Amino acid sequence: MPLADCRILDLPKIHDPRGNLTFIEGGNHVPFDIQRVYYLYDVPGGADRGAHAHRNLHQFIVAMSGSFDVVLDDGQEQRRFHLNPSYFGLYVCPMMWRYLDNFSSGAVCMVLASSKYDEADYIRDYDQFMSAVRERQA
């Protein structure tokens with residue numbers, strides 16, 4: 001899938017003087033059914049996360065608190081997305097090399113995933129990722 005398929009999506013924001021509310025519905029706000037939710041927090045300053053790709057997994061990434069960047073690479077081009085505020089999310093399609101960096105203090109990253117954890121779906125070496133990209137293009 002090309003990098004152009006990955007994009008920032010707006011989420012509903014219900015304004016209320018007592019505090020705003022945003023919700024996410026699988027198959028509506030994200031283009032897949034949600035099978036797993038996980039979150040990253042207490043990321044030390046200067047650290048990055050990710051540095052892998054998924055063969056089949058779809059993800060939706062939201063900065064629940066603070067901000068951070070997601071860098072996506074489809075094997076031909078690379079793009080950096082800055083996530084903040086929490087009523088925006090980034091849809092990440094399969095076969096995207098990704099890493100997260102530039103975490104603000106106290107940032108919380110929530111990820112909605114299309115399937116349960118499966119180590120076999122991960123590609124953790126960039127050269128292997130590039131080989132898999134070339135195989136799919138052949």
Side-chain angles (χ1 to χ4, degrees):
M1 298 183 104
L3 185 55
D5 291 343
C6 300
R7 61 199 178 279
I8 298 285
L9 301 174
D10 294 331
L11 297 170
K13 181 178 180 186
I14 300 171
H15 296 275
D16 189 300
R18 300 167 297 162
N20 298 323
L21 181 135
T22 292
F23 59 94
I24 303 170
E25 296 174 346
N28 185 6
H29 303 111
V30 296
F32 56 84
D33 290 329
I34 301 164
Q35 295 294 314
R36 177 170 54 117
V37 177
Y38 65 93
Y39 48 97
L40 305 169
Y41 56 96
D42 294 339
V43 177
D48 58 55
R49 297 292 311 241
H52 62 267
H54 290 281
R55 297 175 197 286
N56 300 302
L57 186 76
H58 297 259
Q59 294 180 311
F60 189 71
I61 303 173
V62 178
M64 297 301 297
S65 179
S67 64
F68 52 86
D69 292 347
V70 180
V71 179
L72 299 179
D73 177 342
D74 66 0
Q76 295 187 7
E77 68 176 301
Q78 190 178 89
R79 184 167 172 205
R80 178 177 291 271
F81 296 86
H82 183 70
L83 291 185
N84 178 26
S86 57
Y87 51 87
F88 293 126
L90 175 63
Y91 168 64
V92 181
C93 57
M95 289 303 292
M96 283 296 137
W97 187 264
R98 86 282 315 277
Y99 68 88
L100 290 71
D101 67 3
N102 197 27
F103 284 86
S104 67
S105 179
V108 177
C109 168
M110 179 181 69
V111 181
L112 310 177
S114 64
S115 65
K116 293 180 174 37
Y117 176 80
D118 177 9
E119 181 61 32
D121 189 59
Y122 282 76
I123 303 173
R124 298 188 184 272
D125 178 82
Y126 189 77
D127 291 336
Q128 290 177 0
F129 166 71
M130 289 303 298
S131 293
V133 168
R134 286 189 291 275
E135 283 177 21
R136 286 186 181 218
Q137 292 173 344

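If you're wondering where the values come from, they're calculated on a predicted model, not measured in any experiment. Quick note: residue numbers are just sequence positions, from 1.
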Open item on the list: Please enumerate all residues that pass salt bridge (Lys or Arg N to Asp or Glu O under 4.0 Å) together with Glu77, with sequence neighbours excluded.
Closed with: none
Open item on the list: Could you see if Ile123 belongs to whatever hydrophobic cluster contains Leu57? Use Ile, Leu, Val, Met, Phe, Trp, Tyr and a side-chain cutoff under 4.5 Å.
Closed with: no
TODO: Rounded to the nearest 0.5 Å, what's the gap from CE on Met96 to CG on Leu90? Could you check?
DONE: 10.5 Å
Open item on the list: I'd like to check Thr22 versus Tyr87 (side-chain heavy atoms, cut-off strictly below 4.5 Å). Are they in contact?
Closed with: yes
Open item on the list: Using a 3.5 Å distance criterion without hydrogens, assess whether the side chain of Ser104 forms a donor-acceptor pair with backbone atoms of Ser67.
Closed with: yes
Task: Closest approach of Leu72 to Cys6 (non-hydrogen atoms, all atoms of both residues) - done: CD1-CB, 3.6 Å
Open item on the list: Holding to ring-ring contact (aromatic ring centres under 6.0 Å, His included), I want the full list of residues that pass it with Phe60, two or more places apart in sequence or in another chain.
Closed with: none
Open item on the list: One pair to check against side chain to side chain contact (heavy atoms under 4.5 Å, CB included): Ile24 and Leu11. What are the steps and the verdict?
Closed with: CA-CA 7 Å; Ile24 303 170; Leu11 297 170; 3.8 Å; yes
Task: Heavy-atom closest pair, residues Asn20 and Lys13 - done: ND2-CE, 3.3 Å
Task: Qualifying residues under ring-ring contact (aromatic ring centres under 6.0 Å, His included), relative to Tyr126, sequence neighbours excluded - done: Trp97, Phe129
Open item on the list: With side chain to side chain contact (heavy atoms under 4.5 Å, CB included) as the criterion, how do Glu119 and Asp121 come out once you've worked through the C-alpha distance, each side chain's angles and the decisive distance to 0.1 Å?
Closed with: CA-CA 5 Å; Glu119 181 61 32; Asp121 189 59; over 6 Å; no
TODO: For the residue pair Tyr122 and His52, categorise the inter-ring angle as parallel (less than 30°), tilted (30 to 60°) or perpendicular (more than 60°).
DONE: tilted
Open item on the list: Donor-acceptor check, side chain of Asp74 to backbone of Leu3, threshold 3.5 angstrom: yes or no?
Closed with: yes
Open item on the list: For residues Ile8 and Val71: do they belong to one hydrophobic cluster (side chain heavy atoms under 4.5 Å, members Ile, Leu, Val, Met, Phe, Trp, Tyr)?
Closed with: no
Task: Non-neighbouring partners of Asp16 that pass side-chain hydrogen bond (donor to acceptor under 3.5 Å, both in side chains), sequence neighbours left out - done: Arg18
Task: Shortest non-hydrogen contact from Pro12 toward His29 - done: CG-NE2, 3.2 Å
TODO: State, yes or no, whether a side-chain contact exists between Arg98 and Arg49 at a heavy-atom distance under 4.5 Å.
DONE: no
Task: Evaluation steps, side-chain hydrogen bond (donor to acceptor under 3.5 Å, both in side chains), between Gln128 and Asp125 - done: CA-CA 5 Å; Gln128 290 177 0; Asp125 178 82; 4.6 Å; no
Task: Shortest non-hydrogen contact from Cys93 toward Asp5 - done: SG-CB, 4.0 Å
TODO: Would you sort out whether His54 and Met95 count as a side chain to side chain contact (heavy atoms under 4.5 Å, CB included), showing the intermediate values?
DONE: CA-CA 5 Å; His54 290 281; Met95 289 303 292; over 6 Å; no
- [ ] Determine the minimum heavy-atom distance between Asn56 and Ser114, stating which atoms define it.
- [x] O-OG, 4.3 Å
Task: From CG (Leu9) to CD1 (Ile61), nearest 0.5 Å - done: 11.5 Å
Using a 3.5 Å cut-off and no angle test, enumerate the donor-acceptor pairs between side-chain atoms of residues 36-46 and protein atoms at least two apart in sequence or in another chain.
from  : atom 1 : to     : atom 2 : distance (Å)
Arg36 : NE     : Ser115 : O      : 3.2
Tyr38 : OH     : Gln59  : NE2    : 2.9

Open item on the list: Going by salt bridge (Lys or Arg N to Asp or Glu O under 4.0 Å), name the residues that satisfy it together with Asp69, two or more places apart in sequence or in a different chain.
Closed with: Arg80
Task: Minimal non-hydrogen separation, Phe103 against Cys109, with atom names - done: CE2-CB, 4.4 Å
TODO: Spell out, yes or no, whether Phe88 and Leu100 are grouped together once hydrophobic residues are joined by side-chain heavy atoms under 4.5 Å, including indirect joins.
DONE: yes
Open item on the list: Gln76 vs Gln137, test: side chain to side chain contact (heavy atoms under 4.5 Å, CB included). Steps then yes/no.
Closed with: CA-CA 11 Å; Gln76 295 187 7; Gln137 292 173 344; 2.9 Å; yes
Task: Spacing of Asn102 atom CG and Leu83 atom CG [to the nearest 0.5 Å] - done: 11.0 Å
